[in-house]
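Predicted model, so just to flag it, every value in this text is computed and none were measured.
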Amino acid sequence: MLAEMLKVGPPLLSEIVECLQGIESIEAFVDLVRMLLPEREAEIMSAPRNKRVYKFCFYFGKKYYPLPANTDCPPSEWTDGMPVELMGMSYSAYHNLAMRPGYLMLLALVVYPYEGDERDEEDDSVPFNPLYSTTGKYKPTARDVAWLKDLLESLSKGGEWIAPMGFRITKISEKEIELKQAADSDNVRETIARTLLIAEKLGITAKFKTTGRTAKEKLSAARIPILDLVQRSVGEEIVRRIPAAGWHPEDLHKMTDNTKYDGVGHFADWTCSMTGCVLLDTNYESCVYIEGNGAPIFKWTKNNVDILTQQWPKVQE
């Protein structure tokens with residue numbers, strides 16, 4: 001900090017050129033500051049370029065709510081979208097059951113929250129072998145390789161890319177992806193085959209299974225895996241006292257509110273996306289994605305900020 005304060009002399013030519021080239025993003029950042037923190041404009045904009053986002057986040061958190069932000073990014077990236085950390089129960093999390101025992105026990109009490117979900121009407125398996133799909137004379141180009149590399153880098157571990165044409169790719173690790181729920185069409189076959197060729201160029205292996213639970217099996221036995229896991233912890237006698245379909249949140253509220261089990265009803269609200277809070281009722285799988293982006297884009301609007309600010313105390317509670 002002292003070194004920065006002691007620097008004297010005219011700005012570097014490269015700095016001036018960079019500012020001129022990125023003038024639109026700078027204007028967008030200034031507009032954002034003026035919309036949400038007009039009283040802090042001079043202080044934020046007078047800071048060094050690599051400190052402006054940090055100052056914005058600091059004062060935003062004091063006035064509205066804490067931002068789940070990467071404050072090292074430049075203002076140009078910051079204005080692209082509003083950082084939002086979604087905490088709702090997702091379909092994948094529910095079915096993967098990779099949770100601590102207390103969560104599993106509570107889930108065993110709650111009704112299945114995804115009744116009627118279209119994913120329950122699909123087979124888990126890929127109905128063809130992607131390795132034997134036709135690819136014609138296609139060869140991955142440098143642009144194709146760069147696109148897939150950027151896409152996978154934008155995904156966190158366990159993150160999904162949902163292709164609009166009808167298949168899903170999950171990032172298992174930096175060098176492994178998993179293909180899921182592919183529609184059986186020529187277009188999907190060709191696209192997947194090309195994607196696997198590109199992945200091979202990047203040294204990434206792809207997992208897929210050509211057998212899995214059918215839609216009928218999923219619909220008839222959605223809660224059985226949870227009840228089986230919980231039975232190992234608490235015994236068959238207790239699990240048999242739980243209704244096969246579970247209890248609705250309102251029933252659990254009546255049974256447990258203002259008792260030593262107070263909170264079970266709130267957990268059921270969260271499971272069923274009924275808390276009334278955007279951050280708690282929404283998950284990343286339920287958002288609409290722009291293809292090529294690894295995260296949903298939320299617009300910076302005063303209305304969005306006001307809603308999340310109003311709900312933040314309940315989220316903390």
Side-chain angles (χ1 to χ4, degrees), residues 1-88 147 150-151 153-156 159 161 275-317:
M1 187 180 294
L2 180 61
E4 287 182 359
M5 296 296 292
L6 293 175
K7 285 180 182 176
V8 294
L12 294 173
L13 182 60
S14 60
E15 291 284 316
I16 297 173
V17 170
E18 188 174 341
C19 282
L20 291 173
Q21 289 177 334
I23 190 68
E24 291 183 357
S25 61
I26 293 174
E27 288 177 342
F29 185 71
V30 172
D31 289 342
L32 186 61
V33 172
R34 288 175 177 171
M35 177 177 68
L36 299 170
L37 297 166
E39 70 280 7
R40 299 288 184 179
E41 179 183 353
E43 190 173 351
I44 292 172
M45 297 311 298
S46 64
R49 277 193 309 128
N50 62 336
K51 299 294 184 183
R52 290 175 190 167
V53 170
Y54 172 82
K55 280 187 172 287
F56 176 90
C57 292
F58 177 77
Y59 289 119
F60 184 96
K62 283 182 169 295
K63 185 175 181 179
Y64 299 105
Y65 62 92
L67 287 170
N70 173 17
T71 57
D72 293 329
C73 68
S76 57
E77 293 181 16
W78 189 255
T79 56
D80 289 342
M82 181 180 180
V84 177
E85 183 182 8
L86 303 178
M87 297 177 266
W147 170 81
D150 290 342
L151 171 66
E153 285 179 351
S154 70
L155 295 176
S156 58
W161 174 54
T275 68
C277 295
V278 174
L279 299 181
L280 296 178
D281 290 343
T282 314
N283 62 77
Y284 292 100
E285 292 179 356
S286 63
C287 293
V288 176
Y289 286 69
I290 298 174
E291 189 166 356
N293 284 300
I297 301 298
F298 297 88
K299 291 183 179 180
W300 279 107
T301 68
K302 189 64 167 64
N303 184 56
N304 285 348
V305 170
D306 288 343
I307 289 172
L308 296 181
T309 301
Q310 181 183 359
Q311 294 179 356
W312 182 248
K314 189 175 180 181
V315 172
Q316 287 183 299
E317 182 188 353

Taken in chain and number order and not counting sequence neighbours, the residues that satisfy side chain to side chain donor-acceptor pair (under 3.5 Å) with Glu153 are none
Between CH2 on residue Trp161 and CG on residue Leu155, distance to nearest 0.5 Å | 10.0 Å
Hey, does Arg52 have a side-chain heavy atom less than 4.5 Å from the side chain of Phe56?
-> no
Any pair counted as side-chain hydrogen bond (donor to acceptor under 3.5 Å, both in side chains), so long as it reaches residues 26-37, sequence neighbours left out | Arg34-Glu41
Between Gly88 and Asn283 the two heavy atoms that sit nearest each other are O-CB, 3.5 Å
Of all the heavy-atom pairs spanning Gln310 and Pro313, show the shortest one and how long it is.
-> O-CD, 3.5 Å
Taking every heavy atom of Cys57 against every heavy atom of Leu67, the minimum-distance pair comes out as SG-CD1, 4.1 Å
Met87 side, atom CE; Leu280 side, atom CG - distance, nearest 0.5 Å = 5.0 Å
Identify the heavy atoms of Tyr65 and Met82 that sit nearest to each other, and give their distance.
-> OH-CE, 3.1 Å
Side-chain donor or acceptor of Trp312 paired with backbone N/O of Tyr64 under 3.5 Å = no
Verify, without hydrogens or angle tests, whether Gln311 (side chain) and Val278 (backbone) share a donor-acceptor contact under 3.5 angstrom.
-> yes
Within the distance-only criterion (no hydrogens, no angle test), does the side chain of Lys314 pair as donor or acceptor with the backbone N or O of Thr275 below 3.5 angstrom?
-> yes
Is it true that the side chains of Asn304 and Thr301 contain a donor and an acceptor less than 3.5 Å apart?
-> yes
Listed by chain and number, what are the side chain to side chain donor-acceptor pair (under 3.5 Å) partners of Lys63, not counting sequence neighbours?
-> Glu39
Does a donor on one side chain and an acceptor on the other come within less than 3.5 Å for Tyr59 and Glu43?
-> yes
So how far is it from Glu85 CD to Thr282 OG1, rounded to the nearest 0.5 Å?
-> 12.5 Å
Tyr284 side chain to Leu86 main-chain N or O, any donor-acceptor pair under 3.5 Å?
-> yes
Answer yes or no: is there a side-chain heavy-atom contact under 4.5 Å between Arg40 and Lys55?
-> no
